[in-house]
Amino acid sequence: MDGIIGHHLVHKTFWFFATIFIFILFSNWVGLIPGFGTVGWGHQTEHGFEVQDPLFRGANADLNMTLAMALIFFLCWIVWAFQEVGPIGFLLHLFAPKGDTTGFLKVLMVVVFFAVGCLEVFSILFRPVSLSFRLYGNIFAGENMLEAMSKLVPGFVWLLPVPFYLMELLMGFVQALVFMLLTAVFTMLICEHEEGHTPAHH
């Protein structure tokens, strides 16, 4: 984390990134315990018993959980950005022209960077959606794949999903790491001119 967001920001934000990584990893792996999503209330069908209301579900296989984590990060990100650069610095980071230009070129750069800033605002507002759907989609798809593999060959219900369980263990770790790193990079980008960004170049 020191190499991504710098020594200065690590002291302020590490509690969040460490917590979110451990929580997502634990949730992903606990969801792989046999019985999660397969034990509960349902009804008998021609293909066997189908669970409609499971007793336990993987936390990140629910969009409500992943969206809640993304929105909490979004609030923390705004607070950290205002603390580091202030409201004026935040707006300048989005809309102010970069580089030293003069005359007509400076006016052109103001227009261009204002348009880029508007796109950046849209990108920032879309981040909680992309973060939540990325995690939810991967975990939900993994659960469905394991269920499909367990029903593919009736005689090998216990054997066929084993390689996919191992893959989902790795996927659970990767998704926790990706969520944490993306939130760290988003934080670094808004505070990049602070001293906390300097170590990232060494």
Side-chain angles (χ1 to χ4, degrees), residues 1-6 9-43 45 47-77 79-80 126-189 200:
M1 295 304 297
D2 198 284
I4 296 173
I5 62 177
L9 280 175
V10 162
H11 287 283
K12 182 181 292 185
T13 62
F14 183 74
W15 63 270
F16 174 83
F17 299 123
T19 301
I20 210 74
F21 173 77
I22 293 170
F23 178 76
I24 293 175
L25 181 64
F26 177 79
S27 301
N28 291 348
W29 283 357
V30 164
L32 296 176
I33 295 175
F36 270 70
T38 58
V39 175
W41 296 269
H43 62 277
T45 67
H47 302 292
F49 189 79
E50 183 176 327
V51 177
Q52 289 183 318
D53 298 310
L55 192 60
F56 297 106
R57 285 191 63 199
N60 294 324
D62 191 322
L63 186 58
N64 292 305
M65 175 62 79
T66 59
L67 182 59
M69 288 190 292
L71 290 175
I72 289 171
F73 162 70
F74 189 64
L75 291 176
C76 291
W77 180 83
V79 171
W80 295 332
F126 191 74
R127 283 173 188 174
V129 179
S130 63
L131 282 170
S132 57
F133 271 95
R134 179 184 290 107
L135 179 58
Y136 161 74
N138 280 282
I139 303 306
F140 185 71
E143 281 193 358
N144 285 337
M145 181 186 65
L146 288 175
E147 184 180 358
M149 290 299 107
S150 67
K151 295 178 179 178
L152 194 61
V153 183
F156 294 91
V157 170
W158 59 274
L159 181 62
L160 198 57
V162 170
F164 297 94
Y165 258 99
L166 298 176
M167 188 176 73
E168 285 303 309
L169 283 172
L170 177 62
M171 184 61 68
F173 174 80
V174 169
Q175 288 305 315
L177 191 65
V178 165
F179 194 99
M180 181 196 70
L181 290 177
L182 282 175
T183 54
V185 168
F186 291 153
T187 302
M188 178 269 292
L189 289 175

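Throughout, numbering of the chain's residues begins at 1 and tracks the sequence.
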Should M69 and N60 count as side-chain neighbours, where that means a heavy-atom distance under 4.5 Å?
yes
Any side-chain heavy-atom pair from L32 and E143 closer than 4.5 angstrom?
no
Once rounded to the nearest 0.5 Å, what's the spacing between atom OG1 of T13 and atom CE of M1?
6.0 Å
Taking only residues at least two apart or on different chains, which pairs with a member in residues 129-140 satisfy salt bridge (charged side-chain N to carboxylate O under 4.0 Å, His left out)?
none
Specify whether W80 and F17 have parallel, tilted or perpendicular ring planes, treating 30° as the upper limit for parallel and 60° as the lower limit for perpendicular.
tilted
Between S132 (side chain) and L67 (backbone), is there a donor-acceptor pair under 3.5 Å?
no
Assess whether side chain to side chain contact (heavy atoms under 4.5 Å, CB included) is satisfied between F74 and L131, documenting all intermediate values.
CA-CA 10 Å; F74 189 64; L131 282 170; over 6 Å; no
Distance col, row I139:CD1 vs L63:CG, nearest 0.5 angstrom, shows 13.0 Å
Residue set satisfying ring-ring contact (aromatic ring centres under 6.0 Å, His included) with Y136, at least two apart, ordered chain then number -> F140
Got more than 12 heavy atoms from elsewhere within 6.0 Å of CZ, F16?
yes
Working to the nearest 0.5 angstrom, can you tell me the gap between L135 CG and S27 OG?
9.0 Å
Closest non-hydrogen atom pair, A70 against P128
CB-O, 3.4 Å
Look up atom CG in L9 and atom CE in M188, then write down how far apart they are to the nearest 0.5 Å.
10.0 Å
With a 4.5 Å cut-off on side-chain heavy atoms, are I33 and V30 touching?
yes
Residues 173-186, side-chain donor-acceptor partners within the protein, below 3.5 Å, at least two apart:
| residue | atom | partner | partner atom | Å |
| --- | --- | --- | --- | --- |
| T183 | OG1 | F179 | O | 3.1 |
| T183 | OG1 | M180 | O | 2.7 |

When rounded to the nearest 0.5 Å, the distance separating CH2 of W77 from CG of L189 is 9.0 Å
Under 3.5 Å, is there a donor-acceptor pair between the side chain of R57 and the main chain of A61?
yes
Tell me the closest heavy-atom pair linking W15 and C76, and the distance in Å.
CH2-SG, 4.2 Å
With rounding to the nearest 0.5 Å, note down the distance linking CD in E168 to CH2 in W29.
12.5 Å
Just so I know, are the side chains of M167 and F164 near enough to count as touching, which here means a heavy-atom distance under 4.5 Å?
yes
Please check if atom OH in Y165 has more than 12 non-hydrogen atoms from other residues, nucleotides or ligands closer than 6.0 Å.
yes
Are the side chains of I20 and I24 in touch, meaning some heavy atoms are under 4.5 Å apart?
yes
